[in-house]
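Taking it in order: structure first as structure tokens, then the write-up.
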Amino acid sequence: MSATVASAQAFLAVMRRDLHVYVSYRTRLVSQLLTSVFSLTLFYYVSRLVHLRGFASPASYFAFVVVGLALVSVMYSCFLIPEYIRQELVAGTFDRLVLSPFGPVRSVMAMTLFPLLLSFVLALVTLAIGCVLFGMHLHWVTVPLAVPAIGLALLAFLPFGLLFAALTVVIKQGNVGTSWVIALMALTGGVYFPITVLPQWLQVISRLQPFTPATSVLRHLLVDSPLAASFGPSLLKLAAFAAVLLPVSILLLAAAIRAGQRSGTIIEY
Amino acid sequence: MSASYTAPAPVPLVAPDTAPLSAAAAAHDDATFPLAIRAITKRWGNDQPPVLHELDLTLRERTMTWVGGRNGAGKTTMLRIAAGLIDPEGGTVRAWGITPRQSRARYQQLVSFLPAGDRGLYARLTVRKQLEFCARIALLPRARVRAAVEEALATFELTELADRRVDRLSMGQRQRLRIAMTFLPAPELVLLDEPLTSLDGQGAELLQSAIRELLARDGAVLWCSPSGEHLDMTFDRRWMLDAGRLLPA
């Protein structure tokens, strides 16, 4: 029991460490908030400039994009893990994690907590800015259901971050194609436009990744957009991504670390 | 500043080339030693000669052992293997009979490693936060964390620096913090790689004091540094690492 409590405390300690490092850069939060405001301002005027097929009004397209942007920031946070590991490798702190009783795999998993929590808060702030500054309407009746839905979406995105983290341990580079994957997921997942406008072959990719059902479900719950697919199957799809890929990604991360220890490359950066 | 260490009680030393035993007997025998390195071999690249070649080393309780050698002789590689950071290609390492692969967490609770250099610190954290983090990932019981941190701050005279960020510390202060992190979880075996780097006389005395305390509770220390380094220290045993093997120094 005490070991479990100590492990939970270690998870929280990693999160607290990342929080302290984050707040030590005083302008970072301001910069992120301004980025949200600028993005929303841009799309607010784009929504008023262009009439889009499939949207009843400029406001409905704006709400569509705001939820997409909020979710893409959450997804992006999962893909920050490889860069964090790269920083730990360069600073020599990864060795400490490997040599700690808490261990490297749990440490890497704990490293995901703060970025995920921060991205969740920033997503809420993005929605709040959309409502307060740009008059976006939330569908308050179903908004509470969006919280567990975002949690499920995070669990579905997280394995991709862990897989890239495993790759970073092996090849020692932070950006190992993560920006390409994020761009592909955002493009085919319908951040800026419905996936129905994409060519058929791209729509196939849309259906094979978790971002598409996540945006569809969250848009439905937050701004009452029509669902691209049925609600239940979309949630099941997210759950399946999490259930299958999460254990696989954790095993691959553990294997990458063990391979580094066997070859001796774990000390390299 | 002169300082010397004297072991609390004389303990017979075990030669590195212990007599061959069966695997089971050797494992049983090794369970009594803080560190038992048996025939470890490590090479960096298939076309390179082994940096460690069937190397044996035994550390007994309440002893401090020094291993010297030229730059690149393999001292750091040996320590990294003993710490469980990297694997040897052949041979075994045991701390009180436990290998790093049998019980990783337990092994890491027993063994603490101070790497050479000035890395391994979070520049934007304060000294106290750094130590707290260290205590947490060492899985110290919740009730013990605060006391362990305060004790480490006091032992290594870091109390006045507790709320200062690491990137605002001098090199010597950073080294004291790194040593404090090494001793904080109360390990039973401490592996030190060039621990005197950047330390002043006072820092070296604090280190020796921590070592004395560790040895008094039946721990052991393995200290590696280049052979040319001035060491005003008394070791229970001295070895030179040369051509992958340990020779009496």
Side-chain angles (χ1 to χ4, degrees), chain A residues 1-26 28 84 87-111 113-114 169 254 257-269, chain B residues 42-45 51 76-77 79-89 100-101 103-126 128-130 132-145 165-167 178 181-182 185 187 191:
Chain A
M1 185 63 185
S2 62
T4 310
V5 172
S7 291
Q9 293 288 326
F11 268 99
L12 292 176
V14 176
M15 194 172 79
R16 268 200 305 275
R17 176 203 69 181
D18 295 338
L19 171 66
H20 287 302
V21 172
Y22 180 83
V23 297
S24 76
Y25 294 98
R26 291 177 189 170
R28 197 185 274 186
Y84 290 158
Q87 288 171 10
E88 298 258 4
L89 286 167
V90 171
T93 47
F94 196 71
D95 291 6
R96 276 198 188 280
L97 300 176
V98 173
L99 294 178
S100 70
F102 188 48
V105 175
R106 285 190 293 183
S107 295
V108 171
M109 291 178 68
M111 270 184 226
L113 292 178
F114 178 72
V169 170
I257 292 166
R258 279 298 298 127
Q261 289 185 293
R262 273 194 294 272
S263 63
T265 55
I266 197 80
I267 57 169
E268 295 175 359
Y269 53 97
Chain B
K42 182 73 181 175
R43 67 178 76 231
W44 296 107
V51 66
T76 297
T77 300
L79 285 178
R80 283 170 171 164
I81 290 171
L85 184 60
I86 60 173
D87 292 356
E89 276 138 35
R101 304 300 154 235
S103 177
R104 199 201 62 78
R106 180 68 189 132
Y107 191 90
Q108 300 305 342
Q109 280 172 330
L110 292 169
V111 181
S112 193
F113 174 41
L114 175 75
D118 63 346
R119 298 166 72 239
L121 296 171
Y122 295 99
R124 307 287 293 194
L125 292 188
T126 64
R128 186 188 301 279
K129 298 285 180 210
Q130 194 98 217
E132 280 173 4
F133 179 70
C134 183
R136 293 294 188 191
I137 62 170
L139 301 182
L140 292 192
R142 191 178 181 177
R144 172 89 187 97
V145 169
R165 251 174 33 196
V166 167
D167 55 2
R178 295 172 80 245
M181 290 162 72
T182 308
L191 309 170

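Scope of the values below: all heavy atoms of this structure, side chains included, with no hydrogens, waters or symmetry mates.
Figure legend: B:R136 and A:F102 shown without cation-pi pairing, the cationic atom not lying both under 6.0 angstrom from the six-membered ring centre and within 45 degrees of its axis. By the 6.0 Å and 45° rule, B:R119 stacks over the aromatic ring of A:Y269.
Contact annotation for A:F11: neither backbone nor side-chain heavy atoms come within less than 4.5 Å of a heavy atom of chain B. In this structure, chain B has a heavy atom under 4.5 Å from the backbone of A:S263, while its side chain stays farther away. Proximity to chain B (any heavy atom under 4.5 Å) is restricted, for A:E88, to the side chain, taken from C-beta onward. Neither the backbone nor the side chain of B:I81 comes within less than 4.5 Å of any heavy atom in chain A. Only the backbone of A:V90 comes within contact range of chain B, with at least one heavy atom under 4.5 Å from a heavy atom of that chain. Proximity to chain B (any heavy atom under 4.5 Å) is restricted, for A:L89, to the backbone atoms N, CA, C and O. When heavy atoms are compared at a cutoff of 4.5 Å, B:R178 approaches chain A by way of both its backbone and its side chain. Using a 4.5 Å cut-off between heavy atoms, B:L125 touches chain A through its side chain atoms alone. Of the two parts of B:R165, only the side chain, counted from C-beta on, holds a non-hydrogen atom closer than 4.5 Å to a non-hydrogen atom of chain A.
Under the 3.5 Å distance criterion, the side-chain polar atoms of B:T182 are left unmatched by any main-chain donor or acceptor of B:S112.
Note that CZ of B:R104 is 8.0 Å distant from CD of A:Q261, once rounded to the nearest 0.5 Å.
Two residues are said to be in side-chain contact when any heavy atoms from C-beta on lie closer than 4.5 Å; B:R80 and B:T76 meet this criterion.
Ranked by heavy-atom pairs under 4.5 Å with chain A, the list B:G117, B:A105, B:A135 is led by B:A105. Here B:L85 is the residue among B:D118, B:L85, B:V111, B:L121 with the most heavy-atom pairs under 4.5 Å with chain A. Each of B:E132, B:Q130, B:K42 has some count of heavy-atom pairs under 4.5 Å with chain A, and the biggest count is that of B:K42. For the options A:L99, A:L97, A:L12, heavy-atom pairs under 4.5 Å to chain B are most numerous at A:L99.
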